[in-house]
Amino acid sequence: MEKIVALAKRRGFIYQGSEIYEGITGFWDYGPLGVEFKNNLKREWWKYMVYDRENIVGIDAAIIMNPKVWEASGHLKAFTDPLVECKKCNKRFRKDKFDEYWEDFYKKVGRGGVKALSKQYEDIYYCIDRKNPHKEEDLTQEKKFNLMTEVFLGVTEPKQKTYLRGEITQGVFVNFKNIVDSSRVKIPFGIAQIGKAFRNEITPGNFTYRSREFEQMELEFFIKPNEKEGEKWFSFWKEERMKWYKLLGIKSENLRFRNHEQDERAHYARFATDIEYKSPFGWSEFEGIHHRGDFDLTNHNLKYKDPEIEEEYTPWVIETSGGVDRAMLFFLVDAYHEEEKRIVLKLHPKLAPVKVAVFPLVRNKKDIVSKAKSVYKMLKAHFVTAFDDRGNIGKRYLAQDEIGTPFCVTIDYETLGKQTVTIRDRDTMKQERVNIDKLEDYIKEKLT
Ligand code: GAP
């Protein structure tokens, strides 16, 4: 993880939020490569979930809603984590995570000593000191801590209190009638959305894994309310979502499903399965598939008039809810390879932030540099393209391998006469000579 965090900062994927003011726990900023990566991820999700299907439409709802939404959805009462406080040092923890932290802490202390602990372990660092560790019996009774982030609106006192959304989902439910009335969807159908959510997490940590501001990509799929339909669509969406991660290159052995026990399910879920990744900090959830039944539409008093059977009913909902930030983190971890002479991110070309880099073989030959610039301009019109004329070719390859650029094009002496360039494949490191006229099609074909 430390290597991933360092690479992410060094190369401009992810920075600590507000870093020049000592940061702020649980918030992250995405740099030039990070934003490209994230946009690619979201575009692939949207294509797979919306454009490639006939019965899914999209929405982009507001982040702030009338607080009555959160009252009705049950979030004000039940969107909580178990909070405990250490009586010795007054640090606060999630009770359900305490044991996990202990185990992790001792593993780390064993290897590198307390000082080597990274910032995300700050809380536990203060709580557990090696000579006099604070123990479970030092913790207070568990309290329910609500995760919703309060905001205050308006200019006159008292200001109106509402919340930043804790899940993007409710924006879909409150627009259910609008969408049925304004588009031609018929059950079974889905509404997809990607957007920011906010949770006042007790212990943010593991880099972007548990943040206070993050992005979700979700599908709410509305079906007829019966057990058979519920089972059919739950298992359909479970498999579809797992397939997506594999198609984009996550290794099968690092993925698994895990069914939720009844006592860990969210307040809205009749049934839930997580897609988990075998991360450096253990098997961890990065997407939840939830059978929400009629919980939400009933709470919002919404029904559906089925034109086929001329009956009114409350549909059931199967939800797929993934985190953009967690997915990006695990795609990075999975793609990270250390080889004898290089570090390489073997990202799927569709996710790679830069698709192609162009190099002049030498810097001091005007005609080679100007030809390289013209090839760069030509490719830049179609792909995210980098130009690099620093150092030697070997170093330029290494710099692109480290950020996962699938192709590097070099303009050399032969280019001037024959109008051909070399194109190097990131994974095999093999080079081919390709005519400049064919370059665009060559890369396009490889990218798809
Ligand atoms: N609408 C259902 C819902 O929000 P969830 O399991 O609470 O379900 C879904 O969240 C996904 O959102 C998670 O699988 C994870 O990828 C992401 N997520 C949740 N909390 C997060 C956090 N604090 N930081 C980063 N991602 C988070």
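Quantities reported herein were computed from a predicted structural model and do not represent experimental measurements. Just so you know, ligand 1 is whichever comes first in the structure, and atom 1 is the first atom listed for that ligand.
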Inset, instruction - Examine ligand 1 and decide if any of its atoms is less than 4.0 Å from a heavy atom belonging to Thr169. - result: yes

Inset, instruction - Determine whether any heavy atom of His290 lies closer than 4.0 Å to an atom of ligand 1. - result: yes

Inset, instruction - Nearest heavy atom to atom 5 (P) of ligand 1 wins, so pick from Arg199, Glu218, Glu167. - result: Arg199

Inset, instruction - Answer yes or no for Arg342 and Tyr397: cation-pi contact, defined as NZ/CZ to six-membered ring centre under 6.0 Å and angle to ring axis within 45°. - result: no

Inset, instruction - Could you tell me the residue and atom name of the protein heavy atom closest to atom 10 (O) of ligand 1, and the distance to it rounded to 0.1 Å? - result: Gln216 NE2, 3.4 Å

Inset, instruction - Identify the protein heavy atom lying closest to atom 17 (C) of ligand 1, giving its residue, its atom name and the separation to 0.1 Å. - result: Gly323 CA, 3.8 Å

Inset, instruction - Validate the cation-pi geometry between Arg256 and Trp283: distance from NZ or CZ to the six-membered ring centre under 6.0 Å, angle to the ring axis within 45°. - result: yes

Inset, instruction - Pull out every atom of ligand 1 sitting under 4.0 Å from any heavy atom of Glu287, numbered as shown with elements. - result: 14 (O)

Legend entry - Sub-6.0 Å ring centroid separation between Phe176 and Phe222: yes

Legend entry - Proximal ligand 1 atoms for Arg292, defined as those under 4.0 Å from one of its heavy atoms: 1 (N), 2 (C)

Legend entry - atom 15 (C) of ligand 1: the protein heavy-atom neighbour that sits closest, reported with distance to 0.1 Å: Arg326 NH1, 3.4 Å

Inset, instruction - For Phe286, take its heavy atoms, then give the atoms of ligand 1 lying under 4.0 Å from any of them. - result: 14 (O), 16 (O)

Inset, instruction - Find out whether the Lys NZ or Arg CZ of Lys238 is both under 6.0 angstrom from the six-membered ring centre of Phe257 and within 45° of the ring's axis. - result: yes

Inset, instruction - For ligand 1, find out whether one of its N or O atoms is nearer than 3.5 Å to an N or O atom of Thr208. - result: no

Inset, instruction - Provide the number and element of each atom of ligand 1 under 4.0 Å from a heavy atom of Glu319. - result: 1 (N), 2 (C)

Inset, instruction - Considering heavy atoms of the protein only, find what lies nearest to atom 24 (N) of ligand 1 and give residue, atom and distance to 0.1 Å. - result: Ser211 N, 2.9 Å

Legend entry - For atom 11 (C) of ligand 1, closest protein heavy-atom neighbour: Ser321 O, 3.6 Å

Legend entry - Closest approach of any protein heavy atom to atom 25 (C) of ligand 1, naming residue and atom: Tyr209 O, 3.1 Å

Inset, instruction - Would you mind finding which of Tyr268, Trp28, Phe214 brings a heavy atom closest to atom 21 (C) of ligand 1? - result: Phe214

Inset, instruction - If you have a sec, work out which protein heavy atom is nearest atom 6 (O) of ligand 1 and how many Å separate them, to one decimal? - result: Glu285 OE2, 3.2 Å

Inset, instruction - Could you tell me whether some N/O pair between Gly322 and ligand 1 is separated by less than 3.5 angstrom? - result: no

Inset, instruction - Using the six-membered ring of Phe383, assess whether NZ or CZ of Lys355 lies under 6.0 Å from its centre and within 45 degrees of the ring axis. - result: no

